[in-house]
Amino acid sequence: MLIEHINRRLRELDATASRRRLRETATPCGPNPRLSDGTDLLSFCSNDYLGLANHPQVVQALADGARRWGVGSGASHLVSGHSLAHAALEARLASWMAPHIPGAQALLFCSGYMANVALMTALGDAQTTLFADKLNHASLVDGALLAKAALQRYPHGRLDTLERQLQACSTPLKLIVTDAVFSMDGDLADLPALLRLAEAHDAWLVLDDAHGLGVLGARGHGALEHFGLHSERLIYMGTLGKAAGVAGAAVVAHPTLVEWLVQSARPYIYTTAMPPALAHALDQSLALIEGEEGQARRRHLQGLIARLRQGLERLVAMHPNLALPPSDTPIQPLLVGSNPRALALGAALQARGLWVPAIRPPTVPVGTARLRFTLSAAHTEAEVDRLLAALGEALQELPA
Ligand SMILES: *Cc1c(COP(=O)(O)O)cnc(C)c1O
């Protein structure tokens, strides 16, 4: 009965070309993965924006960390799983954000998903309204749905709608919640304007910087450094599995808010702490990010982004069904329209040895199926050129 029911639902996915499948890699994260069936691909999929996921110094730090700390943390943070390695990483992240959030403290989580659910449920009590951009990441959406707070969503980037919602709001507490870099479009939220709105309406601003940490700002400290923002009202969430190349996440905020997360956030309390060896590896990764090597990698990445966009703009000029939304980040979407078109283009690229995700509804709005290219400092210019050449050929084959 259950199996038949689920099989029917799976067939519904097949009918709309929405069923996804796993691909198994046999090599570490990097631009040139080999799949377990022996296929070699050139990948534009990962969020390893700086190429640190397999960096020798970070790998060495993880090995050193395991020798120093063993493998597991053994318990949740509040029971006995909280170590010096966690505390040192939290101190480094707090110092990164101190110029932007006065007195900031940091708190580690096992993933960004859990950090966002923690923030939404612990801060979103019945006295609170959450104001959320409609294109926010699924983890913020899920957290908001679990929270006791009222939820108001505003169309992507529409701060005029947000302002009206704030004016009409009658709960004593208000939290504006936004991705800093939107994960499907690569565009930046207008954080200075959002912060002004927060200040004007006695609201707080929760910022999900999953794609900004390590990538934005002269020292890679993320979106707050990029925009030069400073306010007690900022509540920052950065992930550590993307540009930082490891795993986990941190919330950085006013110490009272951090203390409340420790006391009440269920995704913090009821889970085993991140292995301390990972915290040790992350400390090394963050040191690389803010040092000269990180700066050089960000410069190289910016060059790749400009090169890819120039090539994509040429292709869009030749193929009127395509659209290239504005994005200065390593996330570059090419809108192709329907699911079958996105899949056909993805398959034609794969036949040429390229691995590019075709992103379809419900992850993105209907009619905006896309290829999403993500660039890494581990890519070369020649690899970007190879992508553009293959895309040009694949587009010739595609029925209009
Ligand atoms: C990836 C991502 C998350 C989740 O972070 P994980 O550490 O992968 O769980 C949260 N928000 C955004 C915008 C993301 O892209």
Side-chain angles (χ1 to χ4, degrees), residues 29 44-50 52-53 86 89-90 93 106-124 130 132-147 153 156-157 175-191 194 205-216 222-224 226 235-253 261 265-268 271-275 278-279 281-282 285-286 289 327 329-333 357 359 362-364 370 372-376:
C29 175
F44 291 91
C45 295
S46 94
N47 303 119
D48 178 25
Y49 298 121
L50 297 180
L52 297 182
H86 297 109
L89 178 59
E90 286 173 342
L93 284 161
L107 191 69
L108 291 176
F109 287 84
C110 292
S111 75
Y113 188 100
M114 293 168 76
N116 279 341
V117 172
L119 274 173
M120 295 298 96
T121 53
L123 301 182
L130 302 171
D133 189 293
K134 279 203 174 150
L135 293 192
N136 278 351
H137 189 262
S139 53
L140 288 171
V141 176
D142 293 357
L145 293 174
L146 265 178
R153 299 175 79 193
H156 179 50
L175 285 182
I176 302 169
V177 182
T178 186
D179 284 15
V181 177
F182 287 88
S183 50
M184 294 301 140
D185 294 65
D187 57 324
L188 284 171
D190 187 348
L191 296 180
L194 283 164
L205 180 58
V206 176
L207 191 72
D208 175 343
D209 203 24
H211 304 279
L213 186 80
V215 174
L216 298 176
L224 296 178
H226 174 82
I235 301 169
Y236 183 87
M237 197 294 293
T239 62
L240 304 170
K242 289 176 177 158
V246 185
V251 169
V252 193
L261 292 174
R266 297 168 70 89
Y268 183 77
T271 198
T272 303
M274 161 196 292
L278 293 189
L282 277 162
S285 156
L286 296 189
I289 285 174
S327 161
T329 70
I331 300 173
Q332 294 291 333
I359 312 262
T363 308
V364 294
R370 65 196 65 189
R372 184 186 56 176
F373 309 106
T374 52
L375 291 168
S376 164

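As the structure lists them, so they are numbered: ligands from 1, and atoms in each ligand from 1. No hydrogens, no waters, no symmetry mates; every other heavy atom, side chains included, goes into these values.
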Discussion item. Using a 4.0 Å cut-off to any heavy atom of A210, which atoms of ligand 1 qualify?
Written reply: 2 (C), 11 (N), 12 (C), 13 (C), 14 (C), 15 (O)
Worksheet, complete the sentence: of all protein heavy atoms, closest to atom 4 (C) of ligand 1 is Y113 N, 3.6 Å
Item to complete: Check whether any N or O atom of M237, backbone or side chain, sits under 3.5 Å from an N or O atom of ligand 1, and answer yes or no.
Response: no
Fill in: Spatial distance of atom NZ (K242) from atom CG (L240) [nearest 0.5 Å]
11.0 Å
Discussion item. Using a 3.5 Å cut-off on N or O atoms only, is K242 in polar contact with ligand 1?
Written reply: yes
Worksheet item: Taking both backbone and side-chain atoms of T239, is any N or O found less than 3.5 Å from an N or O belonging to ligand 1?
Response: no
Fill in: Any donor-acceptor N or O pair under 3.5 Å, side chains D187, H156
yes
Discussion item. Checking side chain to side chain contact (heavy atoms under 4.5 Å, CB included) between T178 and each of D208, D190, L140, L207, which is the one that passes?
Written reply: L207
Worksheet entry | Atom pair CG (L194) and CG (D133), whose distance is rounded to the nearest 0.5 Å | 8.0 Å
Discussion item. Nearest 0.5 Å, please: how far is OH in Y113 from CG in D142?
Written reply: 3.5 Å
Worksheet entry | Residue pair L191, H226: steps toward the side chain to side chain contact (heavy atoms under 4.5 Å, CB included) verdict | CA-CA 10 Å; L191 296 180; H226 174 82; over 6 Å; no
Practice prompt. Return the residue, atom name and 0.1 Å-rounded distance of the protein heavy atom closest to atom 6 (P) of ligand 1.
Written response: G112 N, 3.3 Å
Worksheet item: Measuring from S139:OG to D179:CG, what's the distance to the nearest 0.5 Å?
Response: 7.5 Å
Worksheet item: Which bit of M114 is near ligand 1, meaning a heavy atom under 4.0 Å away: side chain, backbone, both or neither?
Response: neither
Discussion item. Distance check, rounded to the nearest 0.5 Å: F44 atom CZ versus R372 atom CZ?
Written reply: 14.0 Å
Worksheet item: Just heavy atoms, cut-off under 4.0 Å: does L240 contact ligand 1 by side chain, backbone, both, or neither?
Response: neither
Practice prompt. Please determine if S183 has a nitrogen or oxygen closer than 3.5 Å to a nitrogen or oxygen of ligand 1.
Written response: no
Fill in: Protein contact to atom 11 (N) of ligand 1 [nearest heavy atom, distance to 0.1 Å]
D208 OD2, 2.5 Å
Response to the item:
Counting from 1 in the order shown, the ligand 1 atoms closer than 4.0 Å to a non-hydrogen atom of N116 are 10 (C), 11 (N)
Worksheet item: Relative to ligand 1, is A249 under 4.0 angstrom through side chain, backbone, both or neither, heavy atoms considered?
Response: neither
